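Below: one structure, written as structure tokens.
When reading the values below, keep in mind they use all heavy atoms of this one structure, side chains included, and skip hydrogens, waters and symmetry mates. Note that the coordinates shown come from a computational prediction; the quantities given were computed from them, not determined experimentally.
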Protein chains: 2
Amino acid sequence: MEGVEKVRSFNRTVTRRLGVLNERYLGRDRPLVESRLLFEIGAQGAAVRELRLRLGLDSGFASRLLRGLERKKLVRTDPTGADGRVRIARLTRSGLAELERLNSLSDDLARSMLAPLSPDQAQRLVAAMGEVDRLLCASSIEFGEADPRTVDAEGCLQKYYAELAARFPNGFELHADDAPAAEDLLPPAGCMLLVRLFGEPVGCGGIRTLEPGLGEIKRMWLSPRVRGLGLGRRLLAELERTGMARKLRTIRLDTHGSLAEALHLYRACGYREIPRYNANPYAQHWFEKSLS
Amino acid sequence: MEGVEKVRSFNRTVTRRLGVLNERYLGRDRPLVESRLLFEIGAQGAAVRELRLRLGLDSGFASRLLRGLERKKLVRTDPTGADGRVRIARLTRSGLAELERLNSLSDDLARSMLAPLSPDQAQRLVAAMGEVDRLLCASSIEFGEADPRTVDAEGCLQKYYAELAARFPNGFELHADDAPAAEDLLPPAGCMLLVRLFGEPVGCGGIRTLEPGLGEIKRMWLSPRVRGLGLGRRLLAELERTGMARKLRTIRLDTHGSLAEALHLYRACGYREIPRYNANPYAQHWFEKSLS
DNA sequence: ACATATATCTGACTAAAGTCAGATAATGGA
DNA sequence: TCCATTATCTGACTTTAGTCAGATATATGT
């Protein structure tokens, strides 16, 4: 197959070019994991738990790495106020300086990729990299069921509410909403899907059962940074699939008139507008689709 | 800077997506270097020397890796006929089977990058990857001085002669050519540049002194796989730079009428056609440029 | 023939990156 | 209050990926 061969050639070339980065360039006399850890801690600091998850480290290994960075006076770890078990790693003044140096080395690498090219080529390379970046993100997206009470799901829902509050002309209050309880979005009554990019939650969507055979889609949201990648369609299709698996024959949903991209998505995906079917004060449009 | 930030984002995304490949995917219970070595040995086999150079391995380390693969019955190494010191590593039957598996895993990875996308997105991703691949190759090219008698330079020259023989209507015989001796392309008389892509020679160009202040460009060639990347211009500019460093004020060169891209390149780079200045039987056009 | 260089190999050593078993302390729910 | 869970930490161990110093055999130029 033609396409696959091109993708493999891309993989080879990019791995070779970026291998430099991972082996020597950023390794300023410092093991690679330490540099990655400094990157992940970042200027704001991060919980040890977060660091372990993001870098996929063994807890013992992570702990020992942090002790090492503490000995070098690059990191401090303090307990959080909220949970006495969780500790937060923060960069010290010299840790921040080191992060600055790493960032500037990353910039140098990026510049060295553009420097040998003509202005026209450099511009085309940046454009093509942007395209690959976006489409590779789209292809790396994973959908998975999640309990709406977990931290990740809760975080998405909070961002969803915040966006509604910002976009609705008269704001948004959760208690006035026809809010589904957590159990409504859990099997067997319904289900919630989380959208993840490299493990990080970037969107969500839930489906609940209104009556046997009739479901409703709620809480569908995608982070602004992953919009325009065709994920709305994919998330909707995933939700419909889980609906079908739960023997739903019809799906309904409602939305506000100010959410133009949502209206467009529902129409494009075969939803037809129907009369008001609920008392949701924020709903202005009601849709329905039969699952074949 | 806008472009640099986009390049860095690309680097992050691609590293994360391809990290899977380098850490676990191809590591089917086998250290990464071993897999890379199997890849490099390939179906035809390769000299140990070649493998060390291509993968940048310490000679002792390479030797021990090969012994390990031999113990696992994946590789055989035999002496070459030509040079009693050089040994060639070849894959055994089960080594070939393992290479097949690695290739099919690479294909799977490539397919998994395209699978979640819509046909239109997949096509755009392949196109953008092709563009990045080509331009990243262009930006990874390195120019370096080389002795024309080394294996790498000799290899480029042979391919250059072979191409002339194929393209000239009446063929090409080296002895009939106004061939520069090796010393003519070595300091102080002249110099030869090799074009390398990830260390591998993909082109060459030489400059010799005809008389004080007057130089001539000879043996300029680029491998077909790196054509169309604007490297002709860059190689020519590099040669002119070394000419200037050697106090040349004027550069001449000749070429055959069937080498259309060469004619176009010279004209575009400020060379103007002059009358015949030598007895080269294969020359049909003569050019000159003053180095400012 | 002789010095020098090249290709490979062996053995001893090291650093980086992790794995695993269990200890300790705080949290959350019954 | 008790019990299971979670977050972190410590110590012992392993694998991976090298580096370095030399040994050996072959090739090459003078």
For nucleotides 4-12 of chain D, just jot down a letter per nucleotide in 5' to 3' order: B, S or -, based on protein non-hydrogen atoms under 4.0 Å. --BSBBBBB
When you look at Leu91(A) and Leu74(A), which way does the side-chain contact (heavy atoms from CB on, under 4.5 Å) test go after all the steps? CA-CA 6 Å; Leu91(A) 297 181; Leu74(A) 297 172; 5.6 Å; no
How many Å lie between [atom1] on [X] and [atom2] on [N], as a whole number?
{"X": "Asp147(B)", "N": "dT28(D)", "atom1": "CG", "atom2": "P", "value": "16 Å"}
{"X": "Leu55(A)", "N": "dG18(C)", "atom1": "CG", "atom2": "P", "value": "10 Å"}
{"X": "Leu57(A)", "N": "dC20(C)", "atom1": "CG", "atom2": "P", "value": "15 Å"}
{"X": "Leu51(B)", "N": "dA7(C)", "atom1": "CG", "atom2": "C1'", "value": "13 Å"}
{"X": "Leu37(B)", "N": "dT16(D)", "atom1": "CG", "atom2": "P", "value": "15 Å"}
{"X": "Arg149(A)", "N": "dG29(C)", "atom1": "CZ", "atom2": "P", "value": "10 Å"}

Let me check something: any side-chain donor-acceptor pairs from residues 59-67 of chain A under 3.5 Å, sequence neighbours excluded? List them with distances.
residue	atom	partner	partner atom	Å
Ser63(A)	OG	Arg67(A)	NH1	3.2
Arg67(A)	NE	Glu70(A)	OE1	2.8

Side chain of Arg36(A) (C-beta onward), nearest among dA17(C), dG18(C), dA17(D):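 The nucleotide sitting nearest to the side chain is dG18(C).
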With a 4.0 Å cut-off, would you call Arg49(B) and Glu40(B) a salt bridge?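 Salt bridge flag = no for Glu40(B) with Arg49(B).
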Which word best sums up how the rings of Tyr161(B) and Phe172(B) line up, parallel for under 30°, tilted for 30 to 60°, or perpendicular for over 60°?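 Plane angle under 30°, so parallel.
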At what distance, to the nearest 0.5 angstrom, does CG of Leu193(A) lie from CZ of Arg219(A)?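 If we round to the nearest 0.5 Å, Leu193(A):CG and Arg219(A):CZ are 15.0 Å apart.
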Cut-off 3.5 Å, side chains only: do Ser35(B) and Arg30(B) have a donor facing an acceptor?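 Ser35(B) vs Arg30(B): no donor-acceptor pair found between side chains.
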